[in-house]
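Here is how names work: the chains are called A, B, and so on, in the same order as the sequence lines, proteins then strands, and each is numbered from 1.
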Amino acid sequence: MSEERSLNFLEEIVEEDISAGKHGGRVLTRFPPEPNGYLHIGHAKSICLNFGLAKRYGGKTNLRFDDTNPVKEDVAYVDSIKEDVKWLGFEWAQELYASDYFDKLYEFAVALIKKGLAYVDDSTAEEIAKQKGTPTEPGTPNQYRSRSVDENLQLFADMKAGKYPDGAKVLRAKADLASPNMHLRDPLMYRIKHAHHHRTGHAWCIYPMYDFAHGQSDAIEQITHSICTLEFVPHRALYEWFIEQLELFPSRQYEFARLNLNYTVMSKRKLLQLVEEGHVEDWDDPRMPTISGLRRRGYTPHSIRDFCERIGVAKRENMIDVSLLEFCIREDLNKTAWRRMAVLDPVKLVITNYPEGQTDTLFGENNPEVEGGEGGREIPFSRELWIEREDFMEEPLKKFFRLGVGLSVRLKNAYIITCNEFVKDSEGNVAEIHCTYIPESKSGSDTSGIHVKGTIHWVSIPHAKTAEIRLYDRLFRVEDPSSEDGDFKEYLNPDSLNIIKGYIEPDLANAVAGKGYQFIRKGYFSLDSKHSSAEKLVFNRTVTLKDGWSQQASKGGLKSS
RNA sequence: UGCCUGAUAGUAUAAUGGUAGUACGACGGUUUUUGGUACCGUUUGUCUAGGUUCGAAUCCUGGUCGGGCAACCA
């Protein structure tokens with residue numbers, strides 16, 4: 001059935017290559033993160049693309065860390081990236097590092113110098129920038145451009161040997177200073193950085209630039225399809241130039257439009273700022289669009305893969321509505337989450353005709369979406385219950401199918417009750433709701449013949465456990481914080497996190513992290529892997545349930561307070 | 001005033017010269033011991049002006065608008 005789906009442009013390219021017999025029909029892709037931050041949902045799109053393409057066409061995918069800038073990179077990031085890719089459900093063929101190729105890359109540089117295609121430049125960064133010209137004016141050569149091969153060889157060896165301080169010299173390609181493509185105006189190949197590298201330690205003090213590392217790394221690994229995002233389109237000419245001059249395996253680069261999600265930001269730089277300035281707890285804060293944040297929030301790998309499949313791939317800039325992501329997680333959790341009851345904003349309900357001190361044990365199935373319900377759990381029932389404050393109205397609206405004096409509802413998995421009166425406290429708030437129950441209406445053995453419109457959830461007061469419940473809202477108040485005036489952080493949503501205390505049914509003490517639970521009528525929740533403990537349960541709200549009532553109520557201008 | 005890219009419902013994404021379709025959203029309805037789910041239905045689109053053609057979202061030309069490009073970042 002998924003075969004009926006039309007091909008995206010990358011699949012078309014691969015299919016054409018295969019049918020043309022290119023590389024003997026072999027497909028090898030790579031996912032090339034720089035270990036300078038955590039992976040986010042945008043990377044998930046790239047991961048699904050690279051691994052998905054290879055899988056679909058019988059190929060493999062390498063995980064290659066693009067670690068050519070030691071001052072920004074760290075093993076902690078390497079570890080998190082590996083964990084996230086695995087968690088998403090993908091297996092890489094080889095775990096590789098651009099730094100594995102430092103020796104090889106150095107040889108490539110020497111080869112280019114010998115061909116007269118690279119030179120050592122003593123200019124400062126500012127001078128080089130100036131000499132590159134502008135998009136409308138060609139660059140101008142400096143005196144270093146005409147250095148002899150021997151001098152360049154010696155100077156480059158001295159750079160490697162650590163004879164110069166950071167920034168004193170760079171190695172540049174001798175390409176085309178007049179090219180309309182700025183990237184071809186004698187791009188930098190190597191710079192001096194006396195810095196510790198997370199893998200090579202202090203073995204090197206010169207490091208290759210992205211453009212002099214990525215394409216060659218692809219070629220060394222014999223990557224057939226090197227897939228990256230649109231901002232690398234102008235780099236493609238350089239990518240191919242180096243491969244050609246070095247006569248390497250002809251890997252080819254293809255670009256797609258990166259994912260943008262509304263009400264969040266999708267750049268490692270900005271996410272790092274949120275972490276460092278304490279706007280969020282950490283990279284895995286459940287409000288973050290990071291893979292680890294989504295995981296902690298309760299998203300499943302399947303839902304994220306499904307999302308990546310649904311958003312499609314093309315070359316036009318896009319802004320995906322978060323409602324699609326929410327749809328994907330709801331759809332997954334609806335089929336897998338076990339149903340439980342929890343009251344988030346409690347008000348006391350007393351069943352006046354139920355004997356004091358008596359307890360009833362009721363049954364509730366785990367998952368009504370599955371044949372057999374996946375078993376169930378026991379739910380204690382008693383005379384006094386917590387119910388949701390919003391499920392009662394002093395003066396009920398016409399289509400309010402919940403409680404109010406004279407109205408009847410079913411208590412989920414229990415009995416039908418009728419509200420007779422309510423009691424207010426000294427401040428005028430509803431303090432107690434008094435109802436009577438119908439003994440013959442017990443769920444599963446209802447002989448009352450009564451039908452009610454509404455069903456509400458509840459928790460028995462003497463049996464209830466408490467839990468900290470964290471309710472999340474979008475991180476930003478505006479759809480595209482990066483495009484607004486001023487600093488993007490001015491648009492942070494001050495109400496993105498709301499921590500409350502709730503009452504939960506006893507069985508929820510058995511909840512495990514990583515599993516989704518549907519708090520009936522309230523949403524999907526999961527145990528917080530970081531803060532929850534046996535002494536203090538902490539649940540994160542993954543996503544709310546769709547709420548047709550509140551939509552209808554607000555649309556009709558009806559307020560329920 | 002340079003080069004590279006792109007433009008199809010609110011948001012994404014198909015249609016590869018031959019009936020503009022799908023998903024999400026929104027709206028309405030049926031079912032329901034979750035105002036959830038499921039199911040049914042409705043709504044809105046080819047940036048613009050010419051040209052080629054029996055026929056154009058698709059090909060050509062001009063324009064408009066969006067994104068990217070001048071880091072010792074990737």
Among B/rA12, B/rA70, B/rC73, which is the nearest nucleotide to the side chain of A/N69?
B/rC73

Nearest to the side chain of A/T136 - B/rG35, B/rC73, B/rU1?
B/rU1

Using a heavy-atom cut-off of 4.0 Å across all strands, would you classify A/R236 as base, sugar-phosphate, or nothing?
nothing

A/F381 CZ to B/rU33 P, in whole Å, measures 19 Å

Cation-aromatic face contact A/K169/A/Y164, 6.0 Å, 45 degrees:
yes

Euclidean distance, atom CG of residue A/D176 to atom P of B/rG2 [Å, nearest integer]
19 Å

Tell me, yes or no, whether the heavy-atom count around A/E374 atom CD, taken from other residues, nucleotides or ligands under 6.0 Å, exceeds 12.
yes

Looking only at N and O atoms, is any donor in the side chain of A/R410 or the base of B/rU33 less than 3.5 Å from an acceptor on the other one?
yes

For A/H235, answer base if it contacts any base atom (sugar-phosphate contacts may also be present), sugar-phosphate if it contacts only those atoms, and nothing otherwise; contact means non-hydrogen atoms under 4.0 Å.
base

Please answer whether the main-chain N or O of A/D211 pairs with a side-chain N or O of A/H214 as donor and acceptor at a distance below 3.5 Å.
no

What does A/E331 touch in the nucleic acid at a heavy-atom separation under 4.0 angstrom: a base, only the sugar-phosphate, or nothing?
nothing

Of the candidates B/rC72, B/rG36, B/rC73, the side chain of A/L545 sits closest to B/rG36

Under 4.0 Å, counting only non-hydrogen atoms across every strand here, what does A/V452 touch: a base, just sugar-phosphate, or nothing?
nothing

Between B/rU34, B/rC24, B/rC72, which nucleotide has the shortest distance from any of its atoms to the side chain of A/I520?
B/rU34

Quick one: is the NZ or CZ of A/R199 closer than 6.0 Å to the six-membered ring centre of A/Y97, and within 45° of its axis?
yes

Closest to the A/D66 side chain: B/rA74, B/rC69, B/rG35?
B/rA74

For A/A125, report the nucleic acid contact type (base, sugar-phosphate, nothing); a contact means any heavy atom under 4.0 Å.
base

Would you kindly give the NZ-to-C1' distance between A/K270 and B/rC73, to the nearest whole Å?
14 Å

Contact class for A/D211 vs. all strands (heavy atom < 4.0 Å): base, sugar-phosphate, or nothing?
nothing

Closest to side chain of A/N334, choosing from B/rC69, B/rC72, B/rU37
B/rU37

Mind checking if A/G444 touches a base, just sugar-phosphate, or nothing, with heavy atoms under 4.0 Å?
base

Which nucleotide wins on minimum distance to the side chain of A/K546, given the candidates B/rA74, B/rG2, B/rG36?
B/rG36

Per atom distances to the A/R339 side chain, the nearest of B/rU34, B/rA23, B/rC3 is B/rU34

Looking at A/E369 and B/rG36, is any side-chain donor or acceptor paired with a base atom of the opposite kind under 3.5 Å?
yes

Which of the following nucleotides, B/rA70, B/rU34, B/rU33, is nearest to the side chain of A/P135?
B/rA70

Under 4.0 Å, heavy atoms only, any strand: does A/G548 hit a base, just the sugar-phosphate, or nothing?
sugar-phosphate

Under 4.0 Å, heavy atoms only, any strand: does A/Y207 hit a base, just the sugar-phosphate, or nothing?
nothing

Around atom NE2 of A/H451, are there more than 12 heavy atoms of other residues, nucleotides or ligands at under 6.0 Å?
no

A/R316 has its side chain closest, among B/rG6, B/rA12, B/rU34, to B/rG6

So what does A/S179 touch, heavy atoms closer than 4.0 Å: a base, only the sugar-phosphate, or nothing?
nothing

